[in-house]
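Fair warning: this is a prediction, and the values are worked out from it, not measured in the lab.
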Amino acid sequence: GNLIGRANGTEVIRISITDATVGPDGQVIYTYTVVLSQPVEHPTTGSEDTITLDDVVIQVTDRNGDIAQAGFSVSILDDVPVAVANAAVSGAVAEDELTGGNPDDDGIGTSTSGSVAALVSFGADQPGTFSLSADTSGLPALTSGGLAISYSVSGNVLTASTTAGTAFTLTLGSDGSYTFTLFDQIDHLPNDPANDDNQNLTLDLSSVIVATDADGDAISLARGFTITIEDDVPIARDDSYTQATADAAVTGNVTVNDSP
């Protein structure tokens, strides 16, 4: 026989008696199988806990109509999200394209979008969702124009700011989609190699990403999500001045046509 558990008409679990053998002492030994077709919500979030179905009863009737019963238990182990090994998601922005910057036409702007969904396997408890943690202690220590950057999270937006204003934001969708927008310079320290317009500062923002499965089990990422910020450097341009007469002094400003 079969014992079938359903939810909204959909089969979730099936317990079947598949065989019966008689031992040398006349005892009947029954073989059963358990097939789990759908995830089962576990009451304890944040852990790989177990639900136990106690006292699954087998009733046996012999040819004389005598009835005997026996029971057993079935345990269902929870599935929890896991970070995908060696998975990586990155985006790139450039200070060159900020207002007052020195554009280098490399196609990198001040905003980048993508998805962190590939960093997590939610397992059986679908669908999973992404959110931002209020704990920003794992984010990098940065400065902008020499001013310390602090972090705050409001809903699905992470804001990095100084006393002068917003430096960058990260907006995260529940499906893992993200947009990173750069609003101000980020100091590239140590400045090595100096005077290199292609120098990149890599920010690891993984620790603020939280993945939660359908029954509430959640993990914070330890690695895998980075944003690179391309440095902006000054541009010096040649200067030319004409002497009015042979003995006249030549004056001018050699920085007026340069870009800081």
Asker: List the steps and the verdict of side-chain contact (heavy atoms from CB on, under 4.5 Å) for L142 and F168.
Answerer: CA-CA 11 Å; L142 302 170; F168 65 78; 4.0 Å; yes
Asker: Please test I108 against E97 for side-chain contact (heavy atoms from CB on, under 4.5 Å), starting from the C-alpha separation and ending with a verdict.
Answerer: CA-CA 8 Å; I108 303 175; E97 304 302 322; over 6 Å; no
Asker: Taking the side chain from S90 and the backbone from T226, do they hold a donor-acceptor pair closer than 3.5 Å?
Answerer: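 Checking the backbone N and O of T226 against the side chain of S90, no donor-acceptor pair under 3.5 Å is found.
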Asker: Can any side-chain N or O of N2 pair as donor or acceptor with the backbone N or O of I4 at less than 3.5 Å?
Answerer: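 No, because the side chain of N2 does not come within donor-acceptor range (under 3.5 Å) of the backbone of I4.
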Asker: Apply side-chain contact (heavy atoms from CB on, under 4.5 Å) to I149 and T143, showing your working.
Answerer: CA-CA 5 Å; I149 285 179; T143 57; 5.6 Å; no
Asker: Would you give the length of the straight line joining atom CG of D231 to atom CD of E95, rounded to the nearest 0.5 angstrom?
Answerer: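 Reported value, rounded in 0.5 Å steps: 5.0 Å.
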Asker: Taking all heavy atoms of D184 and all of T166, pick out the closest pair and write down the distance.
Answerer: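 Here D184 and T166 meet closest at CB-O, 3.9 Å.
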Asker: Looking only at the aromatic ring of each residue, does the gap between the centers of F122 and F130 stay below 6.0 angstrom?
Answerer: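 Yes: the rings meet the under 6.0 Å criterion.
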Asker: Any side-chain to backbone donor/acceptor pair from T112 onto G91? Under 3.5 Å, distance only.
Answerer: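 Absent.
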Asker: Is there a chain of hydrophobic side chains (I, L, V, M, F, W, Y, each step under 4.5 Å between heavy atoms) that links L170 to L98?
Answerer: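 Yes, L170 and L98 fall within the same hydrophobic cluster.
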Asker: Is the backbone N or O of L189 less than 3.5 Å from a side-chain atom of D187, with the two atoms forming a donor-acceptor pair by type?
Answerer: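 A pair under 3.5 Å: no.
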Asker: Please answer whether the main-chain N or O of L172 pairs with a side-chain N or O of N156 as donor and acceptor at a distance below 3.5 Å.
Answerer: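 Checking the backbone N and O of L172 against the side chain of N156, a donor-acceptor pair under 3.5 Å is found.
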Asker: So, does T212 use its side chain to make a donor-acceptor pair with the main chain of D217 at under 3.5 Å?
Answerer: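 Checking the backbone N and O of D217 against the side chain of T212, no donor-acceptor pair under 3.5 Å is found.
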Asker: So, for P81 and D213, which heavy atoms are closest and what is the spacing to 0.1 Å?
Answerer: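 Nearest pair, atom of P81 first, then D213: CD-OD2, 3.5 Å.
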Asker: Please examine the side chains of S150 and S161, heavy atoms only from C-beta on, and report whether any two atoms are closer than 4.5 Å.
Answerer: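 Contact flag for S161/S150 side chains = yes.
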Asker: Hey, are the side chains of I229 and H188 touching, using non-hydrogen atoms and a 4.5 Å cut-off?
Answerer: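 The answer is yes, as the side chains (C-beta and beyond) meet within the 4.5 Å cut-off.
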Asker: Test your reading of the model: is there a side-chain donor-acceptor pair from Y151 to the backbone of D135, 3.5 Å cut-off?
Answerer: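 Absent.
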Asker: Can you tell me if T10 and N8 form a side-chain donor-acceptor pair at under 3.5 Å?
Answerer: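 Judged by distance alone, the side chains do not pair up.
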Asker: Rounded to the nearest 0.5 Å, how far apart are CG of L119 and OG of S206?
Answerer: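 One finds 7.0 Å between CG of L119 and OG of S206.
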Asker: Hey, could you give me the CZ/OG distance between F225 and S207, rounded to the nearest 0.5 Å?
Answerer: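 With rounding to 0.5 Å, CZ (F225) is 11.0 Å from OG (S207).
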Asker: What is the minimum heavy-atom distance between T179 and S111, and which atoms define it?
Answerer: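 So the minimum-distance heavy-atom pair works out to CG2-OG, 3.6 Å.
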Asker: When clusters are formed by joining ILVMFWY residues with side-chain heavy atoms under 4.5 Å apart, either directly or through shared neighbours, do V84 and V89 land in the same one?
Answerer: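 V84 does not cluster with V89.
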Asker: Applying a strict under-4.5 Å side-chain criterion to I, L, V, M, F, W and Y, I'd like to know whether V210 and L221 cluster together.
Answerer: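 In one cluster with V210: L221, no.
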Asker: Give a yes or no on whether V34 and L3 share a hydrophobic cluster (residues Ile, Leu, Val, Met, Phe, Trp, Tyr; joining criterion: side-chain heavy atoms under 4.5 Å apart).
Answerer: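 Yes; L3 is reachable from V34 via cluster members.
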Asker: Measure the OG1-CD1 distance between T181 and I227 for me, rounded to the nearest 0.5 Å.
Answerer: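 Interatomic distance, T181 OG1 to I227 CD1, rounded to 0.5 Å: 10.0 Å.
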Asker: For T33, does its backbone N or O pair with a side-chain atom of R14 as donor and acceptor, under 3.5 Å?
Answerer: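 No.
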Asker: For L158 and L139, what are the C-alpha separation, side-chain angles and deciding distance, and is it a side-chain contact (heavy atoms from CB on, under 4.5 Å)?
Answerer: CA-CA 11 Å; L158 167 71; L139 295 177; 4.0 Å; yes
Asker: Evaluate whether atom CG of N86 has more than 12 neighbouring non-hydrogen atoms of other residues, nucleotides or ligands under 6.0 angstrom away.
Answerer: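 Incorrect, the count does not exceed 12.
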Asker: Cluster question for you: counting only ILVMFWY and a side-chain heavy-atom cut-off of under 4.5 Å, with indirect links fine, are L147 and L182 together?
Answerer: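 No.
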Asker: Are T18 and Y32 close enough that some pair of their side-chain heavy atoms sits under 4.5 Å apart?
Answerer: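 No, every pair of side-chain atoms sits at 4.5 Å or beyond.
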Asker: Ignoring hydrogens and geometry, is there a side-chain-to-backbone donor-acceptor pair from T162 to A164 under 3.5 Å?
Answerer: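 Flag set: sc T162 to bb A164 pair under 3.5 Å.
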Asker: I need the D96 CG to E230 CD distance, nearest 0.5 Å.
Answerer: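 If we round to the nearest 0.5 Å, D96:CG and E230:CD are 4.5 Å apart.
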Asker: Given S177 and S115, is the side chain to side chain donor-acceptor pair (under 3.5 Å) satisfied, shown in steps?
Answerer: CA-CA 4 Å; S177 59; S115 175; over 6 Å; no
Asker: Any chance you could measure Y178, atom OH, to I209, atom CD1, to the nearest 0.5 Å?
Answerer: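 Y178 OH to I209 CD1: 10.0 Å, rounded to 0.5 Å.
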Asker: Between Q126 and A214, what is the shortest heavy-atom contact and its length?
Answerer: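 Taking every non-hydrogen atom into account, O-CB, 3.3 Å.
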Asker: Side chains of F183 and T169: closer than 4.5 Å at any heavy-atom pair?
Answerer: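 Yes. Closest side-chain heavy atoms under 4.5 Å.
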Asker: Are any side-chain N or O atoms of E11 and backbone N or O atoms of G5, one a donor and one an acceptor, separated by less than 3.5 Å?
Answerer: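 Side chain of E11 to backbone of G5, a donor-acceptor pair under 3.5 Å: no, none is there.
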